[in-house]
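Here the structure is laid out as structure tokens; the discussion comes afterwards.
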There are 2 protein chains.
Amino acid sequence: MRNTRDDVIVAALGVLDTHGLEFCSMRRFAVALDVQPSALYHHVPNKQTLLALMADEIVRGVGGDDPVSVCRALRNALLSIRDGADVVATASAFRLGASAVETYLAGMVGDEGARTLLLYTFGQAQSTQTQLQAHEIGALPAEVAASELTPEALEAELTTSFDRGIAIILAGLATQHEADGTDEREKR
Amino acid sequence: MRNTRDDVIVAALGVLDTHGLEFCSMRRFAVALDVQPSALYHHVPNKQTLLALMADEIVRGVGGDDPVSVCRALRNALLSIRDGADVVATASAFRLGASAVETYLAGMVGDEGARTLLLYTFGQAQSTQTQLQAHEIGALPAEVAASELTPEALEAELTTSFDRGIAIILAGLATQHEADGTDEREKR
DNA sequence: ACCTGAACACCGTTCAAGT
DNA sequence: ACCTGAACACCGTTCAAGT
């Protein structure tokens with residue numbers, strides 16, 4: 001027995017984290033496992049499926065006691081690995097990978113609220129990752145060119161911005177609850 | 001004089017709309033223009049730049065009189081072409097391509113409000129496009145497998161969901177305005 | 001069950017050369 | 001200025017064959 005399916009996923013996540021999504025080819029995964037490219041197809045039907053499995057792994061175990069901490073945990077998971085937000089978004093985790101998180105959130109803030117929070121969280125994480133990467137390269141977007149902003153300061157700013165966005169959405173959801181006077185957990 | 005840069009962009013958008021993002025190769029663009037692949041590099045430095053120009057074109061002219069209509073117009077623009085949401089999102093239009101729309105929105109609901117609305121709109125459009133595509137193929141996500149949902153009904157449902165999400169965010173923004181008692185246009 | 005080796009039909013990009 | 005032709009270093013995927 002040589003490699004298992006999980007070995008492939010772990011190796012692929014290693015390539016993703018150290019080299020980025022653009023270097024995530026089946027052939028690169030193969031050299032990471034010291035194996036021929038064709039060997040991967042014994043564990044996975046195609047590249048798309050492998051990317052979806054990677055997305056599932058990235059998002060696995062995300063949870064929390066309240067909507068804010070769930071969204072923060074999800075964002076942290078997406079940011080914990082290079083190009084994580086892109087991978088999870090592209091793998092259409094909107095419906096599949098994160099759907100465990102979605103039903104979890106839905107129990108707290110309802111279907112519509114869960115969807116709104118999730119879509120915002122994904123978009124904000126994707127934007128955050130893009131901006132942090134651009135900052136590292138030195139491809140600054142002119143508005144922050146002169147300002148000597150450290151990476152840490154930028155990251156902190158984007159995280160604060162995220163929290164404010166979540167607060168806005170939750171405030172909006174609260175007004176809806178006032179409108180119909182029900183708690184989500186009471187509906188059916 | 002044979003082809004101009006705009007010819008290349010138009011041809012590329014044609015390939016995108018009729019074949020989808022996965023068939024958007026420089027070589028396909030070249031056959032669409034009846035030209036050798038290398039000829040494209042006279043008009044554009046690389047594929048990434050061409051995709052960014054396509055994204056700018058997709059989002060060009062988006063505007064409106066109030067936040068709701070701006071967001072709707074943006075979503076419609078993203079949905080008006082196959083894989084449009086993916087192309088614009090990947091081209092990091094979060095900061096560049098849509099930034100005209102962002103400053104426009106910021107004048108109405110403030111920086112944080114604009115960002116929240118935009119990130120939600122992008123995410124929702126991307127999700128909508130993914131689901132509509134899956135529905136066309138017949139790759140139904142099991143929950144709507146039995147339900148005989150027409151594509152039009154699904155699209156209408158997703159649009160209604162979008163409107164509700166926007167309403168939630170705007171309601172949240174309204175509570176913030178009440179809190180500090182200022183209108184955005186009065187700040188500074 | 002897991003892998004190799006070879007092959008097929010593709011990629012993006014460069015560069016000398018043509019008009 | 002705009003394009004061709006040829007080349008380079010890659011892709012994802014298939015399939016017979018090995019152990």
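The structure presented is a predicted model; accordingly, all values stated were derived computationally and were not measured. All values below come from the heavy atoms of this structure, side chains included, with hydrogens, waters and symmetry mates left out.
- Rounded to a whole Å, the CG atom of A:Leu40 is 18 Å from the P atom of C:dA1.
- Of the P atoms belonging to D:dA9 and C:dA9, the separation is 22 Å, rounded to the nearest Å.
- The closest side-chain heavy-atom distance from A:Asn76 to A:Val62 is not below 4.5 Å.
- To the nearest angstrom, P of C:dC11 lies 11 Å from CD of B:Glu22.
- Using a 3.5 Å distance cut-off with no hydrogens or angles, the side chains of A:Thr128 and A:Gln124 do pair a donor with an acceptor.
- Two residues are said to be in side-chain contact when any heavy atoms from C-beta on lie closer than 4.5 Å; B:Arg2 and B:Val35 fail this criterion.
- Within the structure, every side-chain polar atom (N or O) of A:His43 is placed at least 4.0 Å from both OP1 and OP2 of C:dA1.
- Contacts between residues 4-18 of chain B and DNA chain D, counted as heavy-atom distances below 4.0 Å, involve no residue at all.
- Residue A:Ala125 comes nearest to A:Leu78 through the heavy atom pair CB-CD1, 3.7 Å, listed as atom of the first residue, atom of the second, then distance.
- Contact between the side-chain N/O atoms of B:His42 and the OP1/OP2 oxygens of D:dT4 is not found at any separation under 4.0 Å.
- OP1 or OP2 of D:dG12 has not a single side-chain nitrogen or oxygen of A:Asn46 nearer than 4.0 Å.
- The 5' end of DNA chain C is approached more closely, in terms of each residue's nearest nucleotide, by A:Asp34 than by the other of A:Asp34 and A:Arg27.
- Between the P atom of D:dA7 and the CD atom of B:Gln36 lies a distance of 14 Å, rounded to the nearest Å.
- Here C:dC3 is the nucleotide among D:dC11, C:dC3, C:dT13 with the atom lying nearest to any side-chain atom of A:Asn3.
- Residue contacts for B:Arg2: at a heavy-atom cut-off of 4.0 Å it reaches the sugar-phosphate backbone alone, with no base atom in range.
- Atom pair A:Phe29:CZ and D:dG12:P shows a separation of 8 Å (rounding to whole Å applied).
- In the model, A:Thr4 has no side-chain atom that pairs as donor or acceptor with a side-chain atom of A:Asp7 under 3.5 Å.
- Contact annotation: B:Arg28 reaches the phosphate of C:dC11 (side-chain N/O to OP1 or OP2, under 4.0 Å).
- Look at D:dC15: its Watson-Crick or wobble partner, with both distances under 3.5 angstrom, is C:dG5.
- Which of D:dG12, D:dC3, C:dC3 sits closest to the side chain of A:Tyr41 comes down to D:dG12.
- Listed nucleotides C:dT4, C:dT13, D:dT14 differ in distance to A:Ala39; the shortest reach to its side chain belongs to C:dT4.
- OP1 or OP2 of D:dC11 sits under 4.0 Å from a side-chain N or O of A:Ser25.
- Computed from coordinates, the B:Phe23 CZ to C:dC11 C1' distance equals 13 Å when rounded to whole Å.
- Regarding B:Met26, its CE atom lies at a distance of 7 Å from the P atom of C:dG12, rounded to whole Å.
- Remark: D:dC10 base-pairs with no nucleotide in the shown strands. Criterion, Watson-Crick or G-U wobble with two distances under 3.5 Å.
- Residues B:Val10 and B:Val44 are members of separate hydrophobic clusters, defined by side-chain heavy-atom contacts under 4.5 angstrom among Ile, Leu, Val, Met, Phe, Trp and Tyr.
- B:Leu33 places its CG atom 8 Å from the P atom of D:dC3, with the value rounded to the nearest Å.
- Using a 4.5 Å heavy-atom threshold, the side chains of B:Leu105 and B:Met108 count as touching.
- The listed nucleotides are C:dT14, C:dC3, D:dG12; the one nearest the side chain of B:Ser38 is C:dT14.
- With sequence neighbours excluded, the residues forming a side-chain contact (heavy atoms from CB on, under 4.5 Å) with B:Thr159 are B:Arg75, B:Glu155, B:Asp163, listed by chain and number.
- The distance between atom NZ of A:Lys47 and atom C1' of D:dC11, rounded to the nearest whole Å, is 8 Å.
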